[in-house]
Each structure stands twice: as C-alpha cells, then as structure tokens.
Participant: 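The structure's right below; bear with me while I get my questions together.
Below, chain A is the first sequence line, B the second, and so on; all start at residue 1.
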There are 2 protein chains.
Amino acid sequence: CPVEITQEIIGGKWKGVILYKLLESGCLRFSELKRRMPRITQRMLTLQLRSLEEDGLVIRTIYPEVPPRVEYRLTVLGKTLQPVIDSLMKWGLLYEETKSAPVSKKAAVQHEAEVC
Amino acid sequence: CPVEITQEIIGGKWKGVILYKLLESGCLRFSELKRRMPRITQRMLTLQLRSLEEDGLVIRTIYPEVPPRVEYRLTVLGKTLQPVIDSLMKWGLLYEETKSAPVSKKAAVQHEAEVC
DNA sequence: CAGCATCCCCACTGATACTG
DNA sequence: CAGTATCAGTGGGGATGCTG
C-alpha cells in the first residue's frame, strides 16, 4: 500500500520535522538543524538524517575544513515531498484549532449522528 | 510543531492505511477492514481503531445483534484527513516509480550536483 | 463476529560521555 | 562542529488462545 510506503519513509517522530525545516530553509548545517529542533538529541538527528540520506531524500555535503562543516539539503526527490509535508502541517494546525474550539462541539456531534 | 502533531495522530504502521480504507469505502465492519488489510492482526486493528476513536477521527457503532456487528466510519474531523492521505498515497506511488526507473538515475545525480 | 488476555521481542528513542 | 560509543528503557508491534 502506497500510504504505508510513505509512512515507512517519512514516519517516526522526527523525519517530518526535519524535512519541513529543510524545505523551509533550503540548506542547513547540522548545528543549524539542531538549533531549530531543540528537543532532538544529536544522536537522533544523526540517525534520522542518515536514514533520509539512504532513502535518497537528503544530500549530505562535507566541507573539509576546521572546524568541520556539514550541510544538508533535499534531493530532487526530497523536494517532491513538499505537498505531503504541507498537508501534514495544515492538518496539524486544523487539529489544534478544533481541540481549542469547544463552542462548536455540539454542532459537530449532531453531524456525527448521521447513520451509515 | 504541527507536522509532528499530525504524525503523532496518524503515524505508525497502520493508521494511514485504515484511514485510507475508510475514506474509500465510507463505512466498514471490523471484518471488512480486516479483509482489506490481510497483514494486520486482530489485536493491532482493534488497538489502532481505539486510538483513532480517542482522537476523534473515527466513530464506532455497535449493533446489538447476534452475531455482533460493529461498524466504523470517519467523523467530520476524520474526513478532513482526505487531502493528507491523498498526498501520502500519491507520493508513495511516485516513490515506487522512481525506484523502478534506473534509466533516469544519471540525470538525477547531475541535478543533485548543484551547490547549496 | 469482534473482540480481550497473555506473553514476548526488539526497534526506536533517549541520556550521557567521549573524539577527530 | 559534527559527530561516534555505550548503555538503558519503553512501548509499538506481534503470536496465540480464549470468549460473549
């Protein structure tokens, strides 16, 4: 099932957010990504980026400098995730709205009462 | 982050597929859902449906008959997931296509060579 | 038919410390 | 700066058997 395939690739706790940040910013260093995701650990960020790289969504570029610099950006395939991430984000916003709008709940319940 | 919120709700191995089947069919009995997802165990189907119910995406209707009959359908909120599930499915199809098209890989790599 | 109960595993996630 | 290494915990997910 295609839905399952996609979820296997961008699922999990962090990948969606990483992709969102990269779509937003285009190209980010490891530390910049980390700064944009204060709750993720270095370890998890590394693991998730490696996984995204394996699946061909992200490119990792190492600049042989001191101090080391590594930049991440989306591949062409990775960029095709834009509409997916967008819809995930939009629905997240809608959901938060819904939860904080108790006034309309009664009307909603009446709708739900429809029979199959 | 809204992206993370959505993934917490419809993430995991099965929820996306369940939602897809319900969007497609409108209303399904437990056994009908199970038949459409041969790999899921009864236990997991039950657990995932309960979770979707808790989050207000699915309505569970029990018909007091013998043998028992339980039907599942989306709430109004659940139906708002249509564009999300759609985009997940479309990208899944695109991804499968990409993997089975080795001819275009060279061109793709050249694209990836662009600098940040 | 549509489940619940039970047992179990390991993959995901995390905290912490260390390093080229 | 951008990682590895190590250890540990939790819970998602699964197999199987039983039942109103």
Side-chain angles (χ1 to χ4, degrees), chain A residues 1 3-19 21-22 25 27-55 57-74 116, chain B residues 1 3-22 25 27-55 57-74 88 116:
Chain A
C1 177
V3 176
E4 197 181 341
I5 300 252
T6 305
Q7 284 293 50
E8 275 172 14
I9 294 175
I10 70 165
K13 191 171 176 179
W14 300 113
K15 287 181 187 173
V17 184
I18 294 174
L19 292 166
K21 299 300 180 186
L22 287 177
S25 301
C27 188
L28 290 170
R29 301 181 58 163
F30 185 86
S31 57
E32 291 172 330
L33 264 172
K34 178 82 183 63
R35 204 171 310 128
R36 283 167 169 73
M37 306 171 64
R39 294 179 167 185
I40 200 173
T41 60
Q42 274 190 337
R43 171 190 153 79
M44 286 314 297
L45 184 52
T46 302
L47 287 176
Q48 302 306 311
L49 283 169
R50 290 292 185 285
S51 173
L52 292 172
E53 197 187 355
E54 265 187 60
D55 289 328
L57 305 181
V58 159
I59 293 273
R60 179 168 176 258
T61 311
I62 309 173
Y63 296 88
E65 304 172 355
V66 177
R69 186 167 123 241
V70 179
E71 291 189 336
Y72 294 89
R73 63 201 167 81
L74 297 175
C116 288
Chain B
C1 175
V3 175
E4 198 181 340
I5 300 253
T6 306
Q7 284 293 49
E8 274 171 15
I9 294 175
I10 69 166
K13 191 171 175 180
W14 300 112
K15 287 180 186 172
V17 184
I18 294 175
L19 292 165
Y20 174 70
K21 299 299 181 188
L22 287 177
S25 301
C27 187
L28 290 171
R29 302 182 57 163
F30 185 86
S31 57
E32 290 171 331
L33 263 173
K34 177 83 184 65
R35 205 171 308 125
R36 284 167 169 74
M37 306 171 62
R39 294 180 168 187
I40 199 172
T41 60
Q42 275 190 337
R43 170 190 155 81
M44 286 315 297
L45 184 53
T46 301
L47 287 176
Q48 303 304 310
L49 283 169
R50 289 294 184 282
S51 174
L52 292 172
E53 197 186 356
E54 265 187 60
D55 288 328
L57 305 181
V58 159
I59 293 273
R60 179 166 176 258
T61 310
I62 309 174
Y63 296 87
E65 306 174 354
V66 177
R69 187 168 122 240
V70 179
E71 292 187 337
Y72 295 89
R73 63 197 166 86
L74 296 176
L88 287 174
C116 288

Participant: If I take atom CG in residue B:Leu47 and atom C1' in nucleotide C:dA5, what distance separates them, rounded to the nearest angstrom?
Facilitator: 12 Å

Participant: Around B:Tyr20, counting heavy atoms of other residues, nucleotides and ligands shown, do more than 12 lie under 6.0 Å from its OH?
Facilitator: no

Participant: Where the side chain of B:Val70 is defined as all heavy atoms beyond and including C-beta, which of C:dG3, C:dT13, C:dC1 is the nearest nucleotide?
Facilitator: C:dG3

Participant: NA contact type, A:Gln48, heavy-atom cut-off 4.0 Å: base, sugar-phosphate, or nothing?
Facilitator: sugar-phosphate

Participant: Can you tell me the distance, in whole Å, between the CD1 atom of A:Ile18 and the P atom of C:dC12?
Facilitator: 14 Å

Participant: Scan the side chains in residues 41-48 of chain A for donor-acceptor partners under 3.5 Å anywhere in the protein, sequence neighbours excluded, and list what turns up.
Facilitator:
| unit_1 | atom_1 | unit_2 | atom_2 | d |
| --- | --- | --- | --- | --- |
| A:Thr41 | OG1 | A:Met44 | N | 3.2 |
| A:Thr46 | OG1 | A:Gln42 | O | 2.9 |

Participant: Can you see whether B:Tyr63 has B:Arg69 sitting over its ring - NZ or CZ less than 6.0 Å from the centre and within 45° of the normal?
Facilitator: yes

Participant: Using chain A heavy atoms and a threshold of under 4.0 Å, write down where along DNA chain D the contacts begin and end, 5' to 3'.
Facilitator: D:dC1 to D:dT6

Participant: Between residues 33-43 of chain A and DNA chain D, which residues have a heavy-atom gap below 4.0 Å?
Facilitator: A:Gln42, A:Arg43

Participant: Is B:Glu32 paired with B:Lys34 through a side-chain N to carboxylate O contact shorter than 4.0 Å?
Facilitator: no

Participant: Check the surroundings of atom CD in B:Glu65: do more than 12 heavy atoms from other residues, nucleotides or ligands lie under 6.0 Å from it?
Facilitator: yes

Participant: Between A:Leu74 and A:Ile59, is any pair of side-chain heavy atoms under 4.5 Å apart?
Facilitator: no

Participant: Measure from CG on B:Leu45 to P on C:dC4 and round the result to the nearest Å.
Facilitator: 11 Å

Participant: Report the distance from atom NZ of A:Lys13 to atom C1' of C:dT13, rounded to the nearest whole Å.
Facilitator: 7 Å

Participant: What is the minimum heavy-atom distance between B:Leu88 and A:Thr6, and which atoms define it?
Facilitator: O-OG1, 2.6 Å

Participant: Is there a side-chain contact between A:Arg60 and A:Leu49, using heavy atoms and a 4.5 Å cut-off?
Facilitator: no

Participant: Return the value, rounded to whole Å, for the distance between atom CG of B:Leu49 and atom C1' of C:dC1.
Facilitator: 14 Å

Participant: State plainly whether the residues A:Arg73 and A:Glu71 are in salt-bridge range, i.e. N to O under 4.0 Å.
Facilitator: no

Participant: Whole angstroms only, please: what is the CZ-C1' distance between A:Arg50 and C:dT13?
Facilitator: 17 Å

